[in-house]
Every structure is written in structure tokens, then in C-alpha cells.
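Report on the structure given below.
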Protein chains: 2
Amino acid sequence: MATGSAAKKQAPEPLVVLEQFLPYRINVLAGLTSSALAQIYADRYGLSIPAWRVIVTLGQYENRTARDMAPDGVMHKSTVSRAVAALEKRGLVVRRPNLDDRREEWLALTPEGRAIYEAVAPEALAVEERLLSVLTPQEQATLAALIDRLTRQARLLAPQDGVEAQT
Amino acid sequence: MATGSAAKKQAPEPLVVLEQFLPYRINVLAGLTSSALAQIYADRYGLSIPAWRVIVTLGQYENRTARDMAPDGVMHKSTVSRAVAALEKRGLVVRRPNLDDRREEWLALTPEGRAIYEAVAPEALAVEERLLSVLTPQEQATLAALIDRLTRQARLLAPQDGVEAQT
DNA sequence: CGCCAATCGTTGCCTGTGCAACCAATACCA
DNA sequence: TGGTATTGGTTGCACAGGCAACGATTGGCG
């Protein structure tokens with residue numbers, strides 16, 4: 001089996017080459033982009049990733065419930081809960097009870113929250129743009145489509161989101 | 001200013017649409033693939049992501065130092081340190097002092113470690129394959145190339161050092 | 001109508017990990 | 001040669017976030 005102890009200290013038979021393993025490469029890319037963005041929304045505005053997502057979602061939809069912040073279970077509900085609590089304490093988000101269903105609450109940006117949103121969003125978009133600047137528009141579209149298909153497939157392979165469905 | 005308060009409770013002017021924001025989508029995909037893989041190496045073999053990476057790297061290169069486990073600062077050195085310590089305690093990895101430079105130590109898989117490697121690796125590859133099964137070989141190559149270019153670019157935009165792994 | 005199940009959101013607990021300070025060993029250089 | 005800078009690796013500290021149990025409310029079905 002294999003080449004014994006020749007060449008360059010390669011193990012008997014390398015089954016996985018990490019640098020070519022797709023999940024690894026996606027994770028590395030995700031980490032790098034997160035890190036690039038964190039320079040902006042964390043360092044400069046004191047926003048965590050969950051907080052940033054809440055802000056952006058509310059900037060997009062005006063008012064939403066906490067559950068809507070994590071459309072596909074992308075964030076855990078406890079994560080959302082704490083992010084919203086922090087934003088509320090900072091006066092960036094307000095809650096109004098939903099009188100039709102008092103289990104949930106409406107969330108919305110305060111003027112201060114919207115101000116931050118309008119400051120951070122363009123900067124985030126600028127980072128995205130610099131990132132994508134190495135791809136042609138054509139390639140960007142291709143990438144988006146591929147990511148979509150992979151994401152759909154990954155959702156099938158990942159553990160069901162209804163994990164907490166059983167009491 | 002835009003359409004006022006028409007339609008569907010859209011905010012004044014949505015600057016960022018989260019679902020189309022590339023860093024977000026990459027992060028979501030990364031999270032899903034990690035989650036799919038975690039079913040295997042975490043649930044079934046009790047390996048964290050850092051531990052998995054150490055095992056794979058050692059399966060690939062026989063012996064390496066701890067620093068080699070994180071080629072581009074992909075993992076923080078403290079993360080590697082603790083992962084190695086845990087693997088050593090479980091008897092999956094051994095350390096030999098490097099007499100030429102006693103600051104570092106050589107790492108290698110024990111027979112038990114290699115056994116786990118040989119059990120986990122094929123399963124991980126199977127997940128990758130199921131993931132990629134929605135793409136043609138052509139598309140897979142395209143994706144790999146695009147990810148590479150994005151990763152290179154992201155490395156320029158990210159702060160020179162710390163990047164972390166998704167859980 | 002009444003009871004059980006499901007849903008929204010919060011919180012205590014615990015693990016993982018980034019950060020920075022630190023130790024030991026080596027490299028660099030005047 | 002001696003002193004300082006660098007590097008490999010570890011560890012205390014703090015904090016984020018997943019999990020699960022919980023309270024409150026609502027829905028569904030007999």
C-alpha cells in the first residue's frame with residue numbers, strides 16, 4: 001500500500017484534502033467576509049452579527065416580530081431574543097405589543113436605530129462591492145445561482161429545523 | 001421620498017436586502033454545511049470542527065506542528081492548542097518534541113486516531129458529494145474557481161489576523 | 001366548553017473560542 | 001557576546017450563543 005516513507009512525509013493515503021474540501025472552503029470564505037464586515041459593524045458601531053441582521057431586517061420591513069428575524073431558523077431564537085434586548089437597551093429598537101396575539105411583539109427601528117442603519121448599510125454594501133469587484137457581473141450572477149442551489153440542497157442535508165417541534 | 005407608506009409595510013428605502021447580500025448568503029450556506037457535517041463528526045465521533053481539521057490535516061501529512069494546522073490563520077492558535085490537547089487526552093494524537101527547535105512539537109495520529117480518521121473521512125466526503133450532486137462537474141469547477149478568487153480578495157479586505165470557524 | 005398541543009419569546013446553564021498576557025526557546029544584530 | 005525581538009504554544013478571562021426548560025398565550029379538537 002502506498003509509497004512507504006518516500007517523498008515528503010505524506011501519510012499512507014490522504015482521503016481528504018482539506019484545502020479542496022468544499023465545506024471547508026466555504027467556511028473559510030464565510031469567516032473572512034464576516035471578519036471584513038465586522039470591522040465596520042462591530043468595531044465602528046458596536047453591533048454583533050445578530051444585531052446587524054435585526055437592524056437590516058427592520059430597515060427593510062419596518063415592523064416585524066422576533067421570529068421573522070430568522071426566516072429559516074438561520075439564527076436561534078435565543079440569539080434573536082438577546083440581540084433585540086441589547087438593541088432595545090441602546091434605544092435603537094422599540095417593541096409594541098401585538099394586541100391581536102399577545103405572545104408576540106412588533107419590533108421597529110427608532111429614529112436613532114434608523115440613523116445607524118442608514119450609516120452602516122452603505123458601508124456594508126461598499127465592502128460587498130469591493131469583494132465582488134474581482135468578478136464580472138456575469139460571474140456574480142452565476143455565483144449567486146450556484147449558492148442558491150447549494151443552499152437549498154444543504155437545507156435538506158442539515159438536521160431538520162423542526163428540532164424543537166416535539167414537546 | 002419614495003412611495004411613502006404604500007404597499008406592504010416596506011420601510012422608506014430599503015438600502016440592503018439581506019437575502020441578496022452576498023456575505024449573508026455565504027454565511028448561511030456555511031452554517032448549513034457545517035450543520036450537516038456536524039451530524040457526523042460531532043454527534044457520531046465527538047469531534048469539534050477544530051478537532052476535525054486537525055485530524056484531517058494529520059491524516060494528510062503524517063506529522064505537522066500545531067502552527068501548520070492553521071495555514072492562513074484560519075483558526076486561532078489558542079483554538080488549535082485546545083483542540084490538540086483534547087485529542088491527545090482522548091489518545092487520538094501524540095506529540096513528540098522537536099529536538100531541533102524545542103519551541104514546537106511534532107504531532108501525529110495514533111493508530112486510534114487514524115482509525116477514526118479513516119472512518120470519518122469517507123462519511124464527510126459523502127456529505128460533500130451529496131451537497132455537490134445538484135451541480136454538474138462543470139459547475140463544480142466554476143464554483144471552486146469563483147470561491148478561490150473571492151477568498152483571495154476577502155483576505156485582502158479582512159484584518160490581517162483573526163478569523164474564526166463557525167461552530 | 002375544556003383540555004392538550006403548539007407557538008412566541010425569555011432565561012439559566014454550559015461549552016467553545018477570541019483575546020491578550022505570558023513562558024520558553026530561538027533568531028537577529030550591534 | 002549580550003540584549004532585544006520573534007516565534008511556538010498555553011492559559012485566564014470574558015463573552016457569545018446553542019440547548020433546553022419554562023411561562024404566557026393561543027389554537028385545535030373532542
Side-chain angles (χ1 to χ4, degrees), chain A residues 27 31-32 34-35 38-39 41-43 46-54 63-71 73-89 93-107 158-167, chain B residues 27 30-32 34-35 38-39 41-43 46-54 63-71 73-89 93 95-107 158-167:
Chain A
N27 257 291
L32 287 169
S34 286
S35 180
Q39 285 182 297
Y41 55 61
D43 294 3
L47 297 176
S48 65
I49 291 189
W52 148 258
R53 288 177 178 174
V54 168
N63 31 210
R64 254 10 200 193
T65 71
R67 204 67 191 110
D68 299 329
M69 298 299 117
V74 170
M75 290 190 287
H76 195 270
K77 59 181 182 173
S78 63
T79 304
V80 175
S81 174
R82 284 187 262 245
V84 169
L87 290 171
E88 187 188 26
K89 180 142 73 171
V93 158
V94 283
R95 315 173 187 238
R96 276 184 305 117
N98 176 4
L99 298 181
D100 293 341
D101 185 344
R102 274 145 52 205
R103 287 173 301 186
E104 62 184 22
E105 293 172 304
W106 293 114
L107 303 175
Q160 301 77 7
D161 42 3
V163 171
E164 57 183 25
Q166 74 268 46
T167 302
Chain B
N27 257 291
L32 287 169
S34 286
S35 179
Q39 286 182 296
Y41 55 60
D43 294 2
L47 298 176
S48 64
I49 290 192
W52 148 259
R53 288 178 177 174
V54 168
N63 32 207
R64 252 10 198 195
T65 72
R67 202 184 89 279
D68 298 328
M69 299 299 116
V74 171
M75 289 191 287
H76 195 272
K77 58 181 184 174
S78 63
T79 304
V80 174
S81 174
R82 284 185 262 246
V84 169
L87 289 171
E88 188 188 27
K89 179 141 73 171
V93 157
R95 326 162 100 124
R96 274 184 307 116
N98 176 4
L99 298 181
D100 293 341
D101 184 343
R102 273 142 55 204
R103 285 175 302 185
E104 61 185 22
E105 292 172 305
W106 292 114
L107 303 175
Q160 59 166 11
D161 208 14
V163 178
E164 105 293 3
Q166 290 240 9
T167 300

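Proteins get letters first, then strands, A, B, ... in listed order; numbering begins at 1 in each.
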Would you indicate whether the side-chain heavy atoms of [Y] and [X] approach each other to under 4.5 Å?
| X | Y | result |
| --- | --- | --- |
| Leu107(A) | Val84(A) | yes |
| Arg67(A) | Lys77(A) | yes |
| Arg96(B) | Glu105(B) | no |

To the nearest Å, give me how far apart [atom1] ([X]) and [atom2] ([N]) are.
| X | N | atom1 | atom2 | value |
| --- | --- | --- | --- | --- |
| Met75(A) | dG17(D) | CE | P | 10 Å |
| Trp106(A) | dC8(C) | CH2 | P | 12 Å |
| Asn27(B) | dG17(D) | CG | C1' | 15 Å |
| Asp100(B) | dA24(C) | CG | C1' | 17 Å |
| Met69(A) | dG9(C) | CE | P | 9 Å |
| Ile49(A) | dC15(D) | CD1 | P | 18 Å |
| Asp68(B) | dG9(D) | CG | C1' | 13 Å |
| Asn98(A) | dT7(C) | CG | P | 17 Å |

Ignoring backbone atoms, establish whether Arg95(B) has a side-chain N or O less than 4.0 Å from OP1 or OP2 of dT10(D).
yes
Under 3.5 Å donor-acceptor pair, Arg82(A) side-chain atoms to dG12(C) base atoms:
yes
Looking at Leu87(A) and Ala51(A), what are the two nearest heavy atoms and their distance?
CD1-O, 3.9 Å
Could you tell me whether Arg95(A) and Glu88(A) make a salt bridge, using a distance below 4.0 angstrom between a side-chain N and a carboxylate O?
yes
Sugar-phosphate atoms are those with a prime plus P, OP1 and OP2; base atoms are the rest. Using that split, label each nucleotide of nucleotides 2-8 of chain D B, S or - for protein heavy atoms under 4.0 Å, 5' to 3'.
----BBS
Candidate nucleotides dT10(D), dG18(D), dT17(C), ranked by approach to the side chain of Thr79(B) - the nearest:
dT17(C)
5'-most by nearest nucleotide on DNA chain D - Arg102(A) or Val74(A):
Val74(A)
What's the verdict on side-chain contact (heavy atoms from CB on, under 4.5 Å) for Val74(A) and Arg53(A), showing C-alpha distance, side-chain angles and the deciding distance?
CA-CA 11 Å; Val74(A) 170; Arg53(A) 288 177 178 174; 3.6 Å; yes
Quick one: side-chain hydrogen bond (donor to acceptor under 3.5 Å, both in side chains) partners of Ser48(A), sequence neighbours excluded?
none
